[in-house]
Amino acid sequence: MQNIIKCLIIGGGPAGYTAAIYAARANMNPVLYEGVQPGGQLTQTTEVENFPGYPQGVEGFQMMEDIKNQAIRFEADIRSGVVTKADFSIRPFAVEIDGKDTVFAETVIIATGASAKYLGLADEKKYNGKGVSACATCDGFFYRKKRVAVVGGGDTACEEAVYLAGLAEKVYLIVRKPFLRASKIMQERVFDTKNIEVLFEHQTLGLFGEKKVEGANIVFRKGGADEKEAKIAIDGFFLAIGHHPNSEVFKPLIETDETGYILTKQHSQHTNIEGVFAAGDVADPHYRQAVTAAASGCRAAIDAEKFLKNIECKN
Ligand code: NDP
């Protein structure tokens, strides 16, 4: 059998990289697989203004580079690769990478984060890459001086709407409720931006366009007495309606809640399987902040270290 990894970390976001810093400094020689999106969701955001230590804010991508480099400084082994299977019924745990190689580990920290949700409309698939996107900072550039819509009423939607308003001629913010869920400061930015029009109590029925998105069919107060359908002319349709946890590959052995968030034991990052820990958005339906993800990565590494020490003491 090949070398057994003491601490295998799955996922290259703030949780994973922070776990790597702590695990490396605790002599656990961590190996981290970065997954499909090295750096995680923060590489798709614009400026991060609320992570402590950056008084002037920092680009999400830069911040992730900084945390990663900090882990590398302590000799964490950071590799590219996606986990395609995990067997937590045997020890050491067996984890398959990219559908071919299998690595073995004494402890595993799952920090695979979460991915953008879609509305579930057939048109989202039809126009994927032809006007439909879940990342304004990745694709906003293509919509300079054009008209776009952002769906959602949370911080992400507001942030994306403001970002796009700097590029596009007009931004519709399609919000299903009569209010925004976003923080006050983000709401103010939206209302202070002249080329954003907030369409409260609207839902999207579908998209249309010959080869790419040319517009959306929307409805006001669906199911209400004053329900009214309308068309808006847009070139881009951006989803910002939240995320779902990337926990599929670890099921059914790892316990999750009904929406797939990995359950951790109270006051710890332990999952239901001894030696397997979870950190960051994949285990956090509530806070979902970079700083809370980083903190849980730290906790997971400390929990893993204690777990290994207990085993050593028993042997
Ligand atoms: P949220 O879950 O906060 O908001 C999702 C939004 O999408 C809600 O307005 C929700 O509507 C709407 N929505 C969900 N499903 C649908 C649907 N099927 N059709 C139409 N609308 C839908 O997700 P976010 O990604 O905005 O934020 C996640 C977390 O990250 C939050 O804690 C947020 O504060 C944080 N965040 C912080 C930032 C910052 O501080 N700079 C930046 C971005 C995110 P409804 O309200 O009706 O449920």
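Both counts, for ligands and for their atoms, begin at 1 and track the order of listing.
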Under 4.0 Å, heavy-atom basis, I'd like to know which part of Q289 is in contact with ligand 1: side chain, backbone, both or neither.
side chain

I'd like to know whether ligand 1 has F179 as a neighbour, heavy-atom separation below 4.0 Å.
no

Close-contact set for ligand 1 against Y287 heavy atoms, below 4.0 Å:
32 (O)

Tell me whether K68 is salt-bridged to D66, with the criterion being a basic N under 4.0 Å from an acidic carboxylate O.
no

Where on V48 is there a heavy atom closer than 4.0 Å to ligand 1, on the side chain, on the backbone, on both, or on neither?
neither

Under 4.0 Å from a heavy atom of T156: which atoms of ligand 1 are those, numbered in the order shown and with their elements?
24 (P), 25 (O), 26 (O), 27 (O), 43 (C), 44 (C)

Less than 4.0 angstrom from a charged side-chain N to a carboxylate O is my criterion; do R221 and E201 meet it?
yes

Parallel, tilted or perpendicular: which describes the rings of F88 and F93, with under 30° parallel and over 60° perpendicular?
perpendicular

Side chain to side chain donor-acceptor pair (under 3.5 Å) pairs, two or more places apart, involving residues 167-177:
R147-E169, R147-Y172, K170-E197

Going by distance only, is there an N or O of G152 that falls short of 3.5 Å from an N or O of ligand 1?
no

In terms of its nearest heavy atom to atom 9 (O) of ligand 1, the top option of A290, G153, A157, C158 is G153

Looking only at non-hydrogen atoms, which of L121, I241, N50, L42 approaches atom 12 (C) of ligand 1 most closely?
I241

Between R189 and E49, is the closest basic N to carboxylate O distance under 4.0 Å?
yes

Tell me whether the rings of F191 and F200 are parallel (<30°), tilted (30 to 60°) or perpendicular (>60°).
tilted

Numbered in order shown, the ligand 1 atoms found under 4.0 Å of a heavy atom of K177 are 45 (P), 46 (O), 47 (O), 48 (O)

Side-chain donor/acceptor pairs under 3.5 Å, residues 9-28, sequence neighbours excluded:
unit_1, atom_1, unit_2, atom_2, d
Y17, OH, E34, OE2, 2.6
Y17, OH, G39, N, 3.4
T18, OG1, P14, O, 2.6

Only heavy atoms count here, so choose which of M186, R181, R176 is nearest to atom 17 (C) of ligand 1.
R176

